[in-house]
*Asks:* 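This is the structure, below, for whatever I ask next.
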Amino acid sequence: MCKIYVKSECMKSVKILLVFATVFIFVSCGGNKVVSSLESEALFNLEYGNFEEELNMFNLAKIGGINTSIVMKDGFFYILNGESKKIMEMTSYGDLLTLYYNPKFNPSPSFSNVSSKTENVEVVSASRSAVPFEFNDATLLAVDSRKHIYVVDKLPLDRIEYDSKMHLSLSEIVVRFDEANKNLIYLGQQGPGGSPFPHIKNIFTTSENELVVLCSTATGFYVYWFDCDGSLMFSVPVEKENIPNPYSQDSADSFFSIGNIIPDCNSHKLYIKVDYYGSFIDDASRVQSGINFLSTIIHVFNIDDAKYETSFSIPPYSEEISEKFSKEIYDIPYDFLGVTESGWMYFIVNTDEGFNLQMVQIDGQRILKRKIILDREECPFYTFNLDRRGIISALLVKKNNASIAWWRADLLLQAVIKK
């Protein structure tokens with residue numbers, strides 16, 4: 001039985017508990033101390049090309065997004081190369097295990113000439129298989145603990161629907177493959193075979209092998225939460241008009257933006273990152289001349305209870321800018337990367353050296369900060385993935401090849417927990 005929240009009236013009437021927690025315990029770093037680096041480990045490389053173990057990254061200068069991403073699950077890597085309409089499942093040594101590919105855009109795998117075909121799966125050997133599937137425009141990827149694969153794919157123009165109530169085009173579905181590489185009926189808004197979704201911003205899997213689909217709308221976001229069989233459990237609107245604003249009474253000029261929404265790994269909760277801003281008034285002219293960043297707040301929405309249960313602030317990244325004889329310090333909001341099953345939130349922001357990583361314990365007891373060194377001139381494209389244990393993986397596109405690397409932030413967290 002589906003529990004569907006069609007409107008957010010419950011969000012309007014609820015009283016929000018805002019806990020603006022300033023965290024005083026810094027592990028391995030302090031407010032004015034030098035932040036150490038988190039060491040990366042290079043795993044394997046991928047060459048560029050159209051063959052089964054290669055990436056098509058020939059159009060980095062094209063207009064629009066690059067639909068190539070990576071997911072690490074239990075030590076296996078799943079690489080969606082939307083430009084070539086294929087997915088590669090690989091070991092941490094770079095060995096190809098399974099290839100899901102559109103045969104209209106990819107050559108037949110070199111190993112398929114010895115295969116026998118059963119149910120659209122070309123079984124090659126005990127260790128390799130190739131799965132032909134006509135992806136149209138695959139953009140996002142998720143994998144659960146059963147090795148079920150979920151792929152966001154766009155429909156052809158003649159199958160796109162229109163929602164007159166939401167004033168949105170419905171053009172995306174979630175394609176599914178089970179652990180035996182069998183293609184299951186796609187997921188839509190209502191479940192298997194349902195109507196298409198509006199634009200999907202991201203998809204997630206939980207520790208219970210549930211699927212969460214985050215869609216963007218004209219008024220905010222919509223979250224569809226499915227059980228492990230694909231049945232719809234919750235439909236939750238996250239609309240801008242219902243987001244708590246602690247600055248609304250202080251200034252009529254304050255405003256906010258929803259940065260990201262991440263589901264909890266173990267419970268039916270949403271972590272909603274909101275960045276708040278205010279108008280900047282020039283002291284001399286008393287005229288508004290810009291905007292000031294005020295704060296980042298994570299609002300925790302409990303779906304089962306249909307209410308916000310708590311909120312807390314996230315320290316921003318402070319950057320010092322020197323100009324002539326003066327110095328200015330600017331606060332910059334972090335991007336919300338994800339949440340681990342042990343209750344740590346990961347935030348990341350661009351720096352001159354690469355990235356600054358901030359890990360915040362949900363109960364507010366600890367904050368960890370580390371640098372991730374990355375030469376962005378050497379890597380014109382990169383994409384990150386955070387697994388539930390806290391490992392950060394990345395696909396780094398360089399001039400001559402692409403590399404897969406990871407940062408074992410989970411080991412850092414384990415060391416902190418033992419203290």
*Asks:* Taking 4.0 angstrom as the limit, do E89 and K147 come out as a salt bridge?
*Replies:*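 Here E89 pairs with K147 in a salt bridge, since their nearest N and O are under 4.0 Å apart.
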*Asks:* Would you say T219 and M166 make side-chain contact, with heavy atoms under 4.5 Å?
*Replies:*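 A side-chain contact is absent here, since even the closest heavy-atom pair is not under 4.5 Å.
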*Asks:* Would you say the side chain of L270 lies within less than 4.5 Å of the side chain of D264, judging by non-hydrogen atoms?
*Replies:*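 D264 vs L270: side chains apart.
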*Asks:* Should the pair E341-R388 be classified as a salt bridge under the 4.0 Å nitrogen-to-oxygen rule?
*Replies:*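 Yes, this pair counts.
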*Asks:* Have E161 and S195 got a donor and an acceptor in their side chains that come within less than 3.5 Å?
*Replies:*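 There is no such pair (donor and acceptor under 3.5 Å, judged by atom type) between the side chains of E161 and S195.
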*Asks:* Whether the S207 and N266 side chains hold a donor-acceptor pair (N or O, under 3.5 Å, no angle test) is what I'd like checked.
*Replies:*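 Checked: S207/N266 side chains pair up, N/O donor to acceptor below 3.5 Å.
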*Asks:* Taking the side chain as C-beta and beyond, is there a heavy-atom pair between M88 and E54 under 4.5 Å?
*Replies:*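 Side-chain contact under 4.5 Å: no.
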*Asks:* Could you check if a side-chain atom of I200 sits within less than 4.5 angstrom of a side-chain atom of L140, using non-hydrogen atoms only?
*Replies:*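 A side-chain contact under 4.5 Å exists here.
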*Asks:* Relative to the ring of F384, is the ring of W407 parallel (under 30°), tilted (30 to 60°) or perpendicular (over 60°)?
*Replies:*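 Geometry flag for F384 against W407: tilted rings.
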*Asks:* Is the positively charged end of K273 above the ring of F336, judged by distance under 6.0 angstrom from the centroid and angle within 45° of the axis?
*Replies:*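 No, K273 and F336 do not form such a contact.
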*Asks:* Parallel, tilted or perpendicular: which describes the rings of Y224 and F197, with under 30° parallel and over 60° perpendicular?
*Replies:*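 Taking F197 first and then Y224, their aromatic rings stand perpendicular (interplane angle over 60°).
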*Asks:* State whether E378 and K399 are salt-bridged, where the test is any N-O pair (Lys NZ or Arg NE/NH1/NH2 against Asp/Glu carboxylate O) under 4.0 Å.
*Replies:*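 Salt bridge between E378 and K399, a charged N being under 4.0 Å from a carboxylate O: no.
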*Asks:* Taking side chain as C-beta onward, heavy atoms only, is N56 less than 4.5 Å from K86?
*Replies:*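 They are not in contact (no side-chain heavy atoms under 4.5 Å apart), so the answer is no.
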*Asks:* Do the charged groups of E179 and K73 touch, with an N to O distance under 4.0 Å?
*Replies:*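 Salt bridge flag = no for K73 with E179.
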*Asks:* Would you call the rings of Y247 and Y276 parallel, tilted or perpendicular, where under 30° means parallel and over 60° means perpendicular?
*Replies:*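 Rings of Y247 and Y276: tilted, 30 to 60°.
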*Asks:* Classify the side-chain pair S129/N181 by whether it contains a donor and acceptor separated by less than 3.5 Å.
*Replies:*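 Yes.
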*Asks:* Taking the six-membered ring of F355, is NZ or CZ of R370 closer than 6.0 Å to its centre and within 45° of its axis?
*Replies:*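 No.
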*Asks:* Please determine, by modelled atom types, if N209 and S145 share a side-chain donor-acceptor pair under 3.5 angstrom.
*Replies:*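 N209 vs S145: donor-acceptor pair found between side chains.
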*Asks:* Carefully, step by step, assess H148 and F177 under the rule ring-ring contact (aromatic ring centres under 6.0 Å, His included).
*Replies:* CA-CA 6 Å; H148 285 211; F177 299 92; over 10 Å; no
*Asks:* Out of I367, L386, D410, L368, which one pairs with W344 under the side-chain contact (heavy atoms from CB on, under 4.5 Å) rule?
*Replies:*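 Per the side-chain contact (heavy atoms from CB on, under 4.5 Å) rule, the option paired with W344 is L368, out of I367, L386, D410, L368.
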*Asks:* Is the closest side-chain heavy-atom distance between F293 and Y277 below 4.5 Å?
*Replies:*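 In contact.
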*Asks:* Quick one: do the Y186 and D153 side chains pair a donor with an acceptor below 3.5 Å?
*Replies:*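 Result is no, nothing qualifies.
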*Asks:* Cation-pi check, K85 to Y101: give yes when NZ or CZ is under 6.0 Å from the six-membered ring centre and within 45° of the ring axis, no otherwise.
*Replies:*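 The answer is no, since K85 fails at least one limit relative to Y101.
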*Asks:* Does a donor on one side chain sit under 3.5 Å from an acceptor on the other, for E309 and N302?
*Replies:*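 Looking only at side-chain atoms, N302 and E309 do form a donor-acceptor pair, the distance falling under 3.5 Å.
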*Asks:* Using a 3.5 Å distance criterion without hydrogens, assess whether the side chain of R376 forms a donor-acceptor pair with backbone atoms of G354.
*Replies:*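 Present.
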